[in-house]
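Just so it is clear, the model here is predicted, and its values are computed rather than measured. Here is the naming used below: chain letters follow the sequence lines, and residue numbers restart at 1 for every chain.
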Amino acid sequence: MAKYPFESIEKKWQQRWETEKTFRALEDPSIPKEKRRYVLDMFPYPSGAGLHVGHPEGYTATDIYCRFLRMNGYNVLHPMGFDAFGLPAENYAIQTGTHPEVTTMANVDRFRTQIKALGFSYDWDREVSTCTPDYYKWTQWIFLQLFKKGLAYESEMPINWCPSCKTGLANEEVKDGECERCHTKVTRKRIRQWVLKITAYADRLLEGLDRVDWPEPIKLMQRNWIGRSEGASVHFSLPGHKETLEVYTTRPDTLFGATYMVLSPEHPLVPALTTNECKAAVEAYVQEAARKSDLERTDLAKDKTGVFTGSYALNPVTRKEIPVWISDYVLISYGTGAIMGVPAHDERDWDFAKAFGLPIIQVVAAVGETGPFDREPKECTAADGFAVNSGQFDGLPTPEAIKRITVWLEEKGIGKKAVNYKLRDWLFSRQRYWGEPIPVVHCKKCGIVPLDEKDLPLLLPQVTSYTPTGTGESPLANIPEWVNTTCPKCGGPAKRETNTMPQWAGSCWYYLRFLDPNNNKAFVDPGIENYWMPVDLYVGGAEHAVLHLLYSRFWHKVLYDVGAVSTDEPFLRLVNQGMILGEDNQKMSKSRGNVINPDDIINNFGADSMRVYEMFMGPLDVSKPWSTAGLVGVSRFLERAWATSEKPIVQEAASIELVKLLHKTIKKLTHDTNTLNFNTGISQMMIFLNEISKLETIPRSLWEPFVLMLAPYAPHLGEELWEKLGNSESLAYASWPIWEEALTLDEEKEIVIQVNGKIRDRLTVSAGTEDAVLRERALDSPKAKEWIGDKDVVKIIVVRDKLVNIVIK
RNA sequence: GCCGGCAUGGUGAAAUGGCAUACACGGUAGACUCAAAAUCUACUGCCUGCGAAGGCGUGUGGGUUCAAGUCCCACUGCCGGCACCA
């Protein structure tokens, strides 16, 4: 079998699609809402390394699905663009002096060429890059909306500081205590930052998850990330001080067991509470903690450390004085930055109390446990039970005790019910050049003043050096003529904000710009937004499970609140594609030398082989190793399809067996394509082709539907075969074949005869044979008789069209 | 440590609680060929057996069921995420 001429075929059809704008999506009002679909890929960051074989996996999946939808009469929006701001281009600029825009645009061109070589049916008229002024004008506009709603604020806060990049990092850019990009150990530094108040949307981000069709594990990860907990805040008075110490606890029922308090080293009350005798030790500890990175703080925390402040707090229920300590196991960023130590019922508190010889009092007992409860418990338990050593609350089961003590605290005015989140506000500024400038100015007289919307975009100026200033400010701070400006409000002198936005900003809303990419009056026309939104299917890697998808949902909800979009959740259905591993079953990486380059595969086997192979490897959502040997099998399948098309295609009727196989194939492929189970769908096409390729002449009634079904998977070959059938129009909008249910059913069924669950015989009967008949025929089977022997038949199970199980004893 | 996912032939994998291993790779044998490649055909889970046939088999151990890869319980291993969240 000769190799089919994929090079010429693929080139030819890619050109046809491009010049004819085959896949342009128009907002045709005559197509009803239920016949419109928005299918979105996570757009790539155009790295210098070029396209990875992982990219085409999700892109092929959505492409097949979109082509399938079009053939089923849907109006499909399927765009592609580039997440073009980002650190690698800037780091390259620092090394070489090349403007990041130059690098980025070259990479974008390369990516576009590589993506087009795979024959995806994108509407390229809608392409966007987040780094173009046309685009980031609207990223800045959205920032202004956030600012006006009070959701963007400045804060002087300790941040992760990378001494090598000389810039601040968000928590999520720190991996194992190291800078995600350059792997330098991260330290802490206080710096002025812009922060977005995502916590204000915590409950809505949580609630919205109940209304979207996403994988449960991903929803769970988002829920855990938001980390909502209910409990109580309690004020502890501090004898000798007018302030009180507020703590948050999920277990107010253990208040009687609180024998000490711990503040985070960064807690504002630490200086006031430190007595002269303890001052030296406390200050040393605070300094030590500040110097440490998060890695060290968590690592060293295997043994609890801490120092006594010298002060005492009053336990509001026992009226006993309890010592106030500081320790780095208490985080300033969660709750109030202070805790009550209940060593008997919290592992961490237990370790701390044991390390420093603090008293341990049991206040919860397991159901069925009998006292006495007046001695120090042997082990710590956080489990529910009933209250002991808790005065008036003794005997109450834990949930009841929590309620009653919370009420009691409220009555006394020393506490109340409280909700807390693990989610923190989003550190939104970067001390970088290659990002969207934050469109505000700092005016001595008016404070922080946002730019007028009509003055957007605020363009990134040219700089001579991309190197960070080292003071924590971005390279923009080195351009006085840009920094010094006038206040939009009072007209007096003002300074521009020199921080830029993080890469997440542009990717937070790109799916909206695809709707109306050239609009310069609005970020999207409301009519067009309403036409397509929400996104019906969003496919991308699971590594974005939390951050990108949470940030994006947050922005979308804000845009919904300002009336800019019509839905409050952006992505109805989410599918995460699995990772493609190297042939050695390891993550692909340069250092392992197991990287597969898509260009090589396309050159040697063609884009269609690449596409079909990636879909044939296994289920879309699991990780799977690349195998060039496996690719060969798929390539043979396409060659066989080509070879079959070279045989005479005739008008003769096909045999009933093949007609039935065709209808079964249409049914299975329709179902599997619709549910994105491409691997089993392809296998069904293989079964069909294996059969018809045996024929000397090919009935057109079999071949035509096969070509149509193959087309979404191998579109270049599909179009070519369609043309060979005498069609002059593209098959992109031809009708997907329809199956006839009656032709998918077998007239005869093989019935398995089991004796005690073991297969002993088989018989062939016509479909739908009555249970009673099956029972008789099974009992008549000589082999079954042999196995039954003289045993008693206890029971006979009949499953129509499938099996008879004779149970004997 | 916690959370989540996965575990099936030599390999990638398939299987509404009802014939385990479809499809593909690889392998073996044969056809075609001067020869090779390509292609085509047959076989290909393991064990016993000349064969007929039988037994075993979906990470391990239990359980539910007439029937378990699939459901339940306990464990082991691998992969991913999180990191003292009070």
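Taking both residues in full, the closest heavy atoms of A/Leu803 and A/Asn805 are given as CD1-N, 4.0 Å, listed atom of the first, atom of the second, then distance. Residues A/Ser781 and A/Asp761 come closest through the heavy atom pair OG-OD2, 2.8 Å.
Within 6.0 Å of NZ in A/Lys587 there are 12 or fewer heavy atoms belonging to other residues, nucleotides or ligands.
For B/C66, the OP1/OP2 oxygens have no side-chain nitrogen or oxygen of A/Asn756 closer than 4.0 Å. For B/A86, one of the phosphate oxygens OP1 or OP2 lies less than 4.0 angstrom from a side-chain nitrogen or oxygen of A/Tyr334. In this structure, A/Lys795 reaches the B/C66 phosphate: one of its side-chain N or O atoms is under 4.0 Å from OP1 or OP2. OP1 or OP2 of B/G80 has not a single side-chain nitrogen or oxygen of A/Asn576 nearer than 4.0 Å. Contact check, A/Ser229 against B/A86: a side-chain N or O comes under 4.0 Å of OP1 or OP2. Under 4.0 angstrom from either OP1 or OP2 of B/U39 there lies at least one side-chain N or O belonging to A/Arg636. Side-chain nitrogen and oxygen atoms of A/Lys758 include none within less than 4.0 Å of the OP1 or OP2 phosphate oxygen of B/G57.
Comparing the same atom, P, in B/U44 and in B/A53 gives a spacing of 15 Å after rounding to whole Å.
Set against B/A24, B/A22, B/G18, the side chain of A/Met686 has B/A24 as its closest nucleotide.
The partner of B/U21, taking Watson-Crick or G-U wobble pairs whose two distances both stay under 3.5 Å, does not exist in any strand shown.
Both the sub-6.0 Å distance and the 45° axial angle are not jointly satisfied by A/Lys624 relative to the ring of A/Trp626.
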